[in-house]
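To start, the structure under review is shown below, and the notes come after it.
Letters A, B, ... are given to chains in the order of the sequence lines, protein chains preceding strands, and every chain is numbered from 1. On a predicted model such as this, the values are computed, not experimentally measured, just so you know. We use all heavy atoms of the structure for the numbers below, so side chains are in, but hydrogens, waters and symmetry mates are not.
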Amino acid sequence: KQEVTQIPAALSVPEGENLVLNCSFTDSAIYNLQWFRQDPGKGLTSLLLIQSSQREQTSGRLNASLDKSSGRSTLYIAASQPGDSATYLCAVNSGGYQKVTFGTGTKLQVIP
Amino acid sequence: SQTIHQWPATLVQPVGSPLSLECTVEGTSNPNLYWYRQAAGRGLQLLFYSVGIGQISSEVPQNLSASRPQDRQFILSSKKLLLSDSGFYLCAWSEDVGEQFFGPGTRLTVL
């Protein structure tokens, strides 16, 4: 059974800092991995999708990497802004419609 | 572009009452559709998924059911709500086993 862990559960940083969010998974046989952000009381917004064959994906100030052999993905946020404050979730797809496992998220606060 | 809608946004219902939550997707055909529940402090739990009209797969035994009467419509129902059904319900869609896109969610409180 796939298990997905996100540590730390919460993170507070000053504006402008570069930061890394971590996602670990137990089964390296994955199909893809997706990063989301969730604002309080809102749905999930897709940030990046990394296919199993890829090592990283970039979108603006965001860069996500994937290392299947070590069971890890990182989300790098450059020059953080207060608007980046949200909960960030990773989801690992182990190869089927029903085989998506979500982490419990990292709650990020960027202080002006 | 594709959009996904959910309603209602919030709902307060007494124990034992029925439930109907609706999700619709625009701008795509034959999407895969999903219902998730998010409980406080816990990850998202997949409740149902559907790969086509009338095709529903359930992931966990529960007090809820799902239906897909039209290609881009997904409905979550219950005949009698329990306190434990409270939570944040999210609908999502994807093309094949790919990137998932989520709706705005419905906050359900059962009293």
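- In this structure, B/Tyr36 and A/Val100 have side chains that are in contact, with non-hydrogen atoms separated by less than 4.5 Å.
- In the hydrophobic clustering of this structure, A/Leu33 groups with A/Leu21; members are Ile, Leu, Val, Met, Phe, Trp, Tyr whose side-chain heavy atoms approach within less than 4.5 Å, directly or through other members.
- Checked options A/Asn32, A/Leu49, A/Asn93; the residue passing with B/Glu99 is A/Leu49 (criterion: side chain to side chain contact (heavy atoms under 4.5 Å, CB included)).
- Under the ring-ring contact (aromatic ring centres under 6.0 Å, His included) criterion, B/Phe88 pairs with no residue at all, not counting sequence neighbours.
- Rounding to the nearest 0.5 angstrom, the gap separating the CG atom in B/Leu44 from the OG1 atom in A/Thr104 is 10.5 Å.
- Under the 4.5 Å side-chain contact rule for hydrophobic residues, A/Tyr76 and A/Val13 do not share a cluster.
- With chain B as partner, the option from A/Gly105, A/Ala91, A/Ser46 having the largest number of non-hydrogen pairs under 4.5 angstrom is A/Ser46.
- Using a 4.5 Å cut-off between heavy atoms, B/Gln45 makes no contact with chain A at all.
- The hydrophobic cluster containing A/Leu62 also contains A/Val92, counting ILVMFWY residues as joined when their side-chain heavy atoms lie under 4.5 angstrom apart, directly or transitively.
- A distance of 10.5 Å separates CZ of B/Phe101 from OG1 of A/Thr45, quoted to the nearest 0.5 Å.
- With hydrophobic clusters built from ILVMFWY side chains whose heavy atoms lie under 4.5 angstrom apart, B/Leu11 shares a cluster with B/Leu64.
- Ranked by heavy-atom pairs under 4.5 Å with chain B, the list A/Phe102, A/Phe36, A/Tyr31 is led by A/Phe102.
- The local environment of CZ in B/Arg107 is crowded, with over 12 non-hydrogen atoms from other residues, nucleotides or ligands closer than 6.0 Å.
- Only the side chain of A/Gln38 comes within contact range of chain B, with heavy atoms under 4.5 Å apart.
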